[in-house]
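Comments concern the structure below.
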Amino acid sequence: MEASKLYELATTIPEYWQEYLEEKIKKIHENQIKAGPDSMSFGIVSDIHWRTNQMHTAALMEKILTDCSIPYFFNAGDLFSGQGICKPEANIAEFIDYRKLFARIEGKCLIAEGNHDAVYSTFEAPDYYAQNISLSEFYEYYFRHQSQYPDRVFGPTGTYYYADDKLHKTRLVVLNTHDIPDDSVKEEGRPVYHKFRITGTGIRQAQLNWFANVALDVPSTDWTVVLCTHEPMCYSLDNRNEVPGYGIIVKILNAFKKHTKFEGEELYEGQQAHFSTKISVDYTGRGGNFAVWVGGHTHWDYDLVLDGVLSVATLNDGMHNSDRNPTPHEAGTTNEQAFDIYTIDKTNHKLYVTRIGAGNDREFEYEVF
């Protein structure tokens with residue numbers, strides 16, 4: 001897309017959004033006042049799916065973050081179209097355009113990898129999404145730009161990290177659920193670890209160690225943690241196809257909240273053997289609070305509590321309409337986009353979720369010990 005058109009989309013809010021947006025900004029302010037000075041707000045947008053998007057999200061998000069003094073928002077992945085059959089250059093071109101669109105608020109964006117983002121195919125059906133962009137090339141275009149913002153603390157691969165709102169004692173953590181060992185290929189040239197399929201969706205030992213021992217090493221027990229992954233925990237269990245590492249994460253988070261020890265393992269065989277993990281961590285006398293595990297991927301709003309850990313999925317921002325979405329996307333209306341603004345009420349242990357676009361506001365409680 002032409003740079004001038006992208007700039008116009010990034011900076012112009014259509015007239016039909018104006019009154020609606022002012023009402024939503026007022027609602028966010030009301031939630032922040034209700035939650036008090038210790039509250040923290042953040043945004044989340046997911047499944048932008050570039051070529052199916054009306055592209056007003058950047059301008060809308062910028063105004064909300066500015067008017068409501070919100071330091072960060074998550075992009076929970078699936079930025080790319082997910083065309084199935086394309087060359088890797090098409091994905092890279094889309095990401096370059098995305099960065100232009102969101103340039104004015106890129107420093108506030110915490111991006112996660114989605115299952116569409118590193119995959120491509122030059123084959124006919126049924127071999128859609130059959131190849132991976134190389135790990136080094138994907139890092140170059142998708143994650144390297146994050147390193148210019150000094151508030152990020154990265155894990156060794158630079159694809160998972162956290163950022164702090166120090167004033168409101170909140171840590172936002174992004175994990176990478178497409179954590180493959182290397183770029184190995186089979187004789188026919190297909191990847192051994194396929195990022196779109198079973199061998200490429202999960203979290204490996206090193207990343208879990210970093211999460212348990214670095215990301216959750218918060219400054220004091222009155223800090224609150226929020227976790228973002230492309231596929232949220234609620235998706236994993238709803239589809240009876242648990243993402244490797246998720247069971248361990250739930251147990252780690254419970255130990256973190258309860259200020260206790262945890263030691264456990266998940267063992268996998270065959271194609272998923274590289275996701276086998278063994279973790280030992282001790283939060284005695286430390287740890288903190290955990291508010292919510294957010295993500296997208298589902299293309300519908302969904303929530304679930306497992307062993308006291310709340311997980312919430314946000315409706316896709318692209319124009320795809322799932323049968324489970326009661327409020328369809330419609331171009332030229334305020335339903336054309338969909339993203340959320342969360343406000344954490346630490347006193348009452350509640351989350352006030354304001355929907356911008358298709359869908360509804362929501363409210364949740366989270367468990368504190």
| message | Taking atom CD as the centre, does Glu269 end up with more than 12 heavy-atom neighbours from other residues, nucleotides or ligands that are less than 6.0 angstrom away? | response | no

| same_hphob_cluster(Val281, Val153) at 4.5 Å side-chain heavy-atom cutoff | yes

| Is a side-chain donor or acceptor of Thr199 paired with a backbone partner of His194 at a separation under 3.5 angstrom? | yes

| message | Tell me if a side-chain donor or acceptor on Lys257 pairs with a main-chain N or O of Gly308 at a distance below 3.5 Å. | response | yes

| query | Would you say the ring centroid of Phe42 lies under 6.0 angstrom from that of Phe74? | reply | yes

| For Lys251, does the NZ atom sit with more than 12 other heavy atoms under 6.0 Å from it, leaving out its own atoms? | no

| task | Please determine, by modelled atom types, if Asp117 and Asn91 share a side-chain donor-acceptor pair under 3.5 angstrom. | result | no

| His329 vs Asn316 side-chain heavy atoms within contact, under 4.5 Å | yes

| Which distance, rounded to the nearest 0.5 Å, do you find between the CZ of Phe364 and the CG of Leu351? | 7.5 Å

| Are more than 12 heavy atoms from other residues, nucleotides or ligands located less than 6.0 Å from atom CD of Glu30? | yes

| request: Would you sort out whether His230 and Asp78 count as a side chain to side chain contact (heavy atoms under 4.5 Å, CB included), showing the intermediate values? | output: CA-CA 8 Å; His230 174 63; Asp78 274 10; 3.3 Å; yes

| Quick check: does any side chain N or O of Glu266 sit under 3.5 Å from a backbone N or O of Gly245, one acting as donor and the other as acceptor? | yes

| said: Between Tyr129 and His116, is the ring centroid distance below 6.0 Å? | reply: yes

| Is the shortest distance from a Lys or Arg side-chain nitrogen in Arg362 or Asp340 to a carboxylate oxygen in the other one below 4.0 Å? | yes

| To the nearest 0.5 Å, what is the distance between OG1 (Thr201) and CD (Glu113)? | 9.5 Å

| request: Could you please spell out the steps behind the ring-ring contact (aromatic ring centres under 6.0 Å, His included) verdict for Trp210 and Tyr160? | output: CA-CA 9 Å; Trp210 178 87; Tyr160 47 92; 5.2 Å; yes

| Would a 4.5 Å heavy-atom cut-off, applied to side chains only, mark Leu21 and Lys26 as touching? | no

| request: Count the heavy atoms belonging to other residues, nucleotides or ligands that lie under 6.0 Å from CD of Glu188, then report whether that count exceeds 12. | output: yes

| Lys/Arg N to Asp/Glu carboxylate O, Arg355 vs Asp301, below 4.0 Å | yes

| task | For side chain to side chain contact (heavy atoms under 4.5 Å, CB included), just list the numbers for Lys100 and Ile96, CA-CA rounded to whole Å, side-chain angles, deciding distance to a tenth of an Å, and then say yes or no. | result | CA-CA 7 Å; Lys100 292 175 183 175; Ile96 291 170; 4.0 Å; yes

| field | Arg171: which of Asp222, Asp164, Asp165 passes salt bridge (Lys or Arg N to Asp or Glu O under 4.0 Å) | value | Asp164

| message | For Arg51, is there an ion pair with Glu94 - N to carboxylate O distance below 4.0 angstrom? | response | yes

| task | Say whether, by atom type as modelled, one donor and one acceptor occur between the side chain of Asp47 and the main chain of His297 under 3.5 angstrom. | result | yes

| task | Any chance you could lay out the salt bridge (charged side-chain N to carboxylate O under 4.0 Å, His left out) test for Lys108 and Glu62, step after step, and finish with the verdict? | result | CA-CA 10 Å; Lys108 294 188 173 188; Glu62 181 183 10; over 6 Å; no

| message | Between Ile64 and Phe73, is there a side-chain heavy-atom distance shorter than 4.5 Å? | response | no

| If you group Ile, Leu, Val, Met, Phe, Trp and Tyr by side-chain heavy-atom gaps below 4.5 Å, do Leu65 and Tyr149 land in one group? | no

| Check: Asp151/Tyr72 side-chain N/O donor and acceptor closer than 3.5 Å | yes

| request: Give a yes or no on this: more than 12 heavy atoms of other residues, nucleotides or ligands lie within 6.0 Å of atom OH of Tyr7. | output: no

| Which is it for His49 and His299 under the ring-ring contact (aromatic ring centres under 6.0 Å, His included) test, yes or no, and what are the steps along the way? | CA-CA 11 Å; His49 289 298; His299 288 213; 5.1 Å; yes

| Lys195 vs Asn115, side chain to side chain contact (heavy atoms under 4.5 Å, CB included): CA-CA, chis, key distance, verdict | CA-CA 7 Å; Lys195 282 199 168 188; Asn115 61 300; over 6 Å; no

| query | Does Tyr162 reach the main-chain N or O of Phe211 with its side chain, forming a donor-acceptor pair under 3.5 Å? | reply | no

| message | Using the ring centroid of each side chain, check whether Phe95 and His145 are separated by less than 6.0 Å. | response | yes

| said: Between Thr347 and Asp38, is there a side-chain donor-acceptor contact under 3.5 Å, judged purely by atom types and distance? | reply: no

| side-chain hydrogen bond (donor to acceptor under 3.5 Å, both in side chains) with Trp17: which of His56, Glu336, Gln337, Glu22? | Glu336

| message | Could you check whether any side-chain heavy atom of Asp97 comes within less than 4.5 Å of a side-chain heavy atom of Leu6, counting everything from C-beta outward? | response | yes

| query | Looking at the rings of Phe369 and His259, which for Trp means the six-membered one, are their centres under 6.0 Å apart? | reply | no

| Asp179 side chain to Asn176 side chain, donor-acceptor N/O pair below 3.5 angstrom | no

| So, do Ile279 and Glu263 sit near enough that their side-chain heavy atoms are less than 4.5 Å apart? | no

| Side chain proximity check, Leu175 to Val173, heavy atoms < 4.5 angstrom | yes

| request: Check step by step if side chain to side chain contact (heavy atoms under 4.5 Å, CB included) holds for Tyr142 and Phe80. | output: CA-CA 11 Å; Tyr142 202 82; Phe80 300 133; 4.3 Å; yes

| query | So how far is it from Tyr193 OH to Asn132 CG, rounded to the nearest 0.5 Å? | reply | 12.0 Å

| request: Would you kindly say whether Gln32 and Tyr352 are connected by a side-chain donor-acceptor distance under 3.5 Å? | output: no

| task | Examine the side chains of Thr229 and Thr177 and answer whether a donor and an acceptor come within less than 3.5 Å of each other. | result | no

| task | Just do the salt bridge (charged side-chain N to carboxylate O under 4.0 Å, His left out) check on Asp345 and Lys34 with the steps written out, would you? | result | CA-CA 8 Å; Asp345 182 339; Lys34 179 168 55 176; over 6 Å; no

